[in-house]
**Student:** 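Shown below is the structure under consideration.
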Amino acid sequence: MEIAGKRIYWWNNWMAASLLLLFFIAAPLLSIFVNLFSAPGSSWSHLTENLLVGYLQNTLLLLAGVALSTFILGVSLAWIVTNYEFPFRKHFEWLLILPLGFPGYIMAYTYTGLLDYTGPLQTFLRNQFDIQVVGSIVDIMNLPGAVFILSITLFPYVYLLSRASFLQQSRTFQDAAALLGSSNWYSFTKVALPMARPAIVGGIALAAMEVLNDYGTVKYFGVGTFTTGIFRSWFSMGDVTTAIYLAAILMLLVFSILYLEVLQRGKRRFSPVNFINKPTTRQQLSKSKTWLLTATCFLVFLGSFFIPFLQILHWVWISYESSLNSGFYLLVLRSFGLAAGSGLAVALIAVVLLYSLRLSSFSWFRSLTKIGTIGYAIPGAVIAIGIMIPVLSLDRWVFADTGQLMLSGSVSVLLFAYVVRFMAVGYHPLDAGFQKSGIQVNEASRLLGHNSWKTLLKIELPLVRASFFSAILLVFVDVLKELPLTLILRPFNYHTLATKAFDMATNEMIAESANSALIIILTGIFPIIFLNRVIRKANM
């Protein structure tokens, strides 16, 4: 009874801590909901009459264009790499993931520089063939251009999940279709594609979330979306209520996408039962066809990573002497420190939530902890608005006598925003680690008389150490790339690598901005390579 009493006591403490953390994580969304009952701002009528339809139209067209493009690129490349043998196939397995390391706003101004009058393409045409082009050789600073940029940076989401699904599918089904006289195309469209449907839709949903979160690309290209509207209402018009209304509409779009993803799946089950899983055997094609597949993968890799990366390296080469100074090194240390601190905070909070689940037997509590992971589906601008409103009210209440805003625009608020936004990124790797270690070790430790703290520190954490550091790494990379949330919540004149690169690019200092961009890209490559290795090991 004494041990049971201790278990109940510690479980109550852990659950109380978890519920408190979940309340703070959900607070930004709750503040937006509460403030929706306020009267519309002064600029709301102007916005509804002149801008709202354009925001909605551009956002939906952007979503549709990116969804279609990422589907075509991601699924076709995943099928090619998984089912056919061709030269350099093993290299393209991971090379095609690298565009994820390129933030959309960096890709946007890189392509603009490539196609500009002073860019390498027009310079080559003038010098070699005396071909003169007025302005950009191709105008991409528009809605179709934004679709192109976001598609080539986000298609790896669909590629990764589709490839993992194709690798896990049993070859038995495709062999059965072949014995019935079906062509390769029929087997792909009628057998493999329907079985990979959840993975494909999941990848497109991730890409859609990133599209709704994007601010840098659409702002640089002059495309009006809900995200740019939130920034305009907040900073240009000073109308907080209008920004809240736009944030609420954007949240509605996000939840609609998530609901449609669940609805399309319904009660279908895509896991084969009572079948022996026969590994996929890659088909051998004629020499001309194999090189055609190589050329296809190479062209996509060229356009989505290699050429833009070379342009970034060129800009770094011509600008590093003037850019690499003590201020830049301080910027790097500040960005890395903020990203590492956010990653550690997310990992620790995720450990508290997951360990509370170990000590809890209530199904409602497990459902409740999912609130902690909802932030990743919410655009950064929405989270920033949801945090800024209560923080401003708290500042005015606590520091009313001083007349100063002590909390608003502080690094601590920015750190809290990163925790809310990227909790899911750290939660899921740790969840997998805890599930892998099993509950038995915890029960054995408790039977030996150890309390929950000692069990966690001495038994559980060492077992999930790899997952713990993986969570920190993944959050680190995402924080380093995050732009809209940082732009809204950062302290005055406070820069990270992302905001510095964006500010310099928008001020036509593109070459100088490449130094910050290069560090962001190189940092993002390491977890991508790690992720590819995980997928390969899981399907060996």
**Student:** When you measure from the side chain of Asn507 to the backbone of Met509, do you find a donor-acceptor pair of N or O atoms at a distance under 3.5 Å?
**Tutor:**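 The answer is no, because no donor-acceptor pair under 3.5 Å joins these two groups.
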**Student:** As an exercise, state the distance from OG of Ser31 to CE of Met388, rounded to the nearest 0.5 Å.
**Tutor:**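 One finds 11.5 Å between OG of Ser31 and CE of Met388.
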**Student:** Tell me whether the NZ or CZ atom of Arg421 lies within the 45° cone about the ring axis of Phe416 and under 6.0 Å from its centre.
**Tutor:**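 No, cation not above the ring by the 6.0 Å, 45° rule.
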**Student:** State whether the side chain of Ser162 and the backbone N or O of Tyr159 hold a donor-acceptor pair below 3.5 Å, judged by distance alone.
**Tutor:**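 No, the answer is negative, given that no donor and acceptor are paired below the 3.5 Å cut-off.
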**Student:** Is the backbone N or O of Glu482 less than 3.5 Å from a side-chain atom of Asp478, with the two atoms forming a donor-acceptor pair by type?
**Tutor:**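 Judged by distance alone, no pair lies under 3.5 Å.
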**Student:** Is there a side chain to side chain donor-acceptor pair (under 3.5 Å) between Asn213 and Thr227 once you walk through the steps?
**Tutor:** CA-CA 7 Å; Asn213 181 60; Thr227 308; over 6 Å; no
**Student:** If every non-hydrogen atom of Ala514 is compared with every non-hydrogen atom of Val316, which pair is closest and at what distance?
**Tutor:**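 Minimum heavy-atom separation between Ala514 and Val316: O-CG2, 3.5 Å.
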**Student:** Quick one: do the Tyr215 and Thr225 side chains pair a donor with an acceptor below 3.5 Å?
**Tutor:**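 On atom types as modelled, these side chains do not qualify, holding no pair under 3.5 Å.
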**Student:** Do Asp503 and Arg490 sit within salt-bridge range, that is, some charged N less than 4.0 Å from a carboxylate O?
**Tutor:**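 A salt bridge links Asp503 with Arg490.
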**Student:** Could you report the tightest heavy-atom contact between Lys219 and Phe502, atom names first, then the distance?
**Tutor:**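 Smallest interatomic distance, heavy atoms only, reads CG-CZ, 3.9 Å.
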**Student:** With sequence neighbours left out, what residues match Leu51 under side chain to side chain contact (heavy atoms under 4.5 Å, CB included)?
**Tutor:**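 Leu51 satisfies side chain to side chain contact (heavy atoms under 4.5 Å, CB included) with His46, Leu47, Tyr55, Arg232 only.
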**Student:** For Ile521 and Pro103, which heavy atoms make the closest approach, and how far apart are they?
**Tutor:**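 Closest pair (atom of Ile521, atom of Pro103, distance): CG1-CD, 4.4 Å.
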**Student:** Would you confirm whether Thr153, through its side chain, and Phe102, through its main-chain N or O, come within 3.5 Å as a donor-acceptor pair?
**Tutor:**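 Between the backbone of Phe102 and the side chain of Thr153 there is no qualifying donor-acceptor contact (under 3.5 Å).
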**Student:** Distance check, rounded to the nearest 0.5 Å: Thr486 atom OG1 versus Leu338 atom CG?
**Tutor:**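 Here the interatomic distance stands at 7.5 Å.
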**Student:** Atom CG of Asp214 and atom CG of Leu150: how far apart are they, to the nearest 0.5 Å?
**Tutor:**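 Taking CG in Asp214 and CG in Leu150, the distance rounds to 5.0 Å.
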**Student:** Can you list the steps and then say if Trp44 with Thr241 is a side chain to side chain contact (heavy atoms under 4.5 Å, CB included)?
**Tutor:** CA-CA 8 Å; Trp44 177 248; Thr241 309; over 6 Å; no
**Student:** For residues Ile244 and Ile32, report the shortest heavy-atom separation together with the two atoms involved.
**Tutor:**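 In this case the closest contact between Ile244 and Ile32 is CG2-O, 3.9 Å.
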**Student:** Taking the inter-plane angle between the rings of Phe301 and Phe305 on a 0 to 90° scale, is it parallel (under 30°), tilted (30 to 60°) or perpendicular (over 60°)?
**Tutor:**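 If you compare the ring of Phe301 with that of Phe305, the planes turn out parallel.
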**Student:** Please check if the side chain of Ser233 supplies one atom and the backbone of Ile230 the other of a donor-acceptor pair under 3.5 Å.
**Tutor:**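 No, Ser233 side chain to Ile230 backbone: no donor-acceptor pair under 3.5 Å.
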**Student:** At what distance, to the nearest 0.5 angstrom, does CE of Met209 lie from OH of Tyr157?
**Tutor:**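 Between Met209 CE and Tyr157 OH, I get 11.0 Å after rounding to 0.5 Å.
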**Student:** Without swapping roles, check the side chain of Thr228 against the backbone of Gly224 for a donor-acceptor pair under 3.5 Å.
**Tutor:**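 Here the side-chain-to-backbone pair does not exist.
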**Student:** Could you tell me the separation between the CZ atom of Phe336 and the OG1 atom of Thr496, rounded to the nearest 0.5 Å?
**Tutor:**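 Output value for this atom pair is 11.5 Å.
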**Student:** Got a sec, which residues hit side chain to side chain contact (heavy atoms under 4.5 Å, CB included) with Phe255, two or more places apart in sequence or on another chain?
**Tutor:**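 Residues passing side chain to side chain contact (heavy atoms under 4.5 Å, CB included) with Phe255: Met251, Leu258, Ile374, Ile378.
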**Student:** Do Phe155 and Val300 pass the side chain to side chain contact (heavy atoms under 4.5 Å, CB included) test, and can you show the C-alpha distance, the side-chain angles, and the key distance before you say yes or no?
**Tutor:** CA-CA 10 Å; Phe155 83 85; Val300 174; 3.7 Å; yes
**Student:** Treating Thr499 as the side-chain partner and Leu487 as the backbone partner, does any N or O pair qualify as donor plus acceptor under 3.5 Å?
**Tutor:**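 Between the backbone of Leu487 and the side chain of Thr499 there is no qualifying donor-acceptor contact (under 3.5 Å).
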**Student:** Sub-3.5 Å donor-acceptor pair from the side chain of Ser342 to the main-chain atoms of Tyr418, do we have one?
**Tutor:**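 Judged by distance alone, no pair lies under 3.5 Å.
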**Student:** Without swapping roles, check the side chain of Tyr111 against the backbone of Ile106 for a donor-acceptor pair under 3.5 Å.
**Tutor:**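 Here the side-chain-to-backbone pair does not exist.
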**Student:** Taking all atoms of both residues into account, what is the closest heavy-atom pair of Ile383 and Ala417, and its distance?
**Tutor:**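 Minimum heavy-atom contact is CG2-O, 4.4 Å.
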**Student:** Are the side chain of Ser516 and the backbone of Lys500 linked by a donor-acceptor contact shorter than 3.5 Å?
**Tutor:**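 No, because the side chain of Ser516 does not come within donor-acceptor range (under 3.5 Å) of the backbone of Lys500.
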**Student:** Any pair with a residue in residues 373-391 that passes side chain to side chain donor-acceptor pair (under 3.5 Å), sequence neighbours left out, goes on the list, sorted by first then second residue, please.
**Tutor:**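 Residue pairs passing side chain to side chain donor-acceptor pair (under 3.5 Å), neighbours aside: Glu210-Tyr376.
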**Student:** Within this structure, what is the NE2-CG distance for the pair His314 and Leu114, rounded to the nearest 0.5 Å?
**Tutor:**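 These two atoms lie 10.0 Å from each other.
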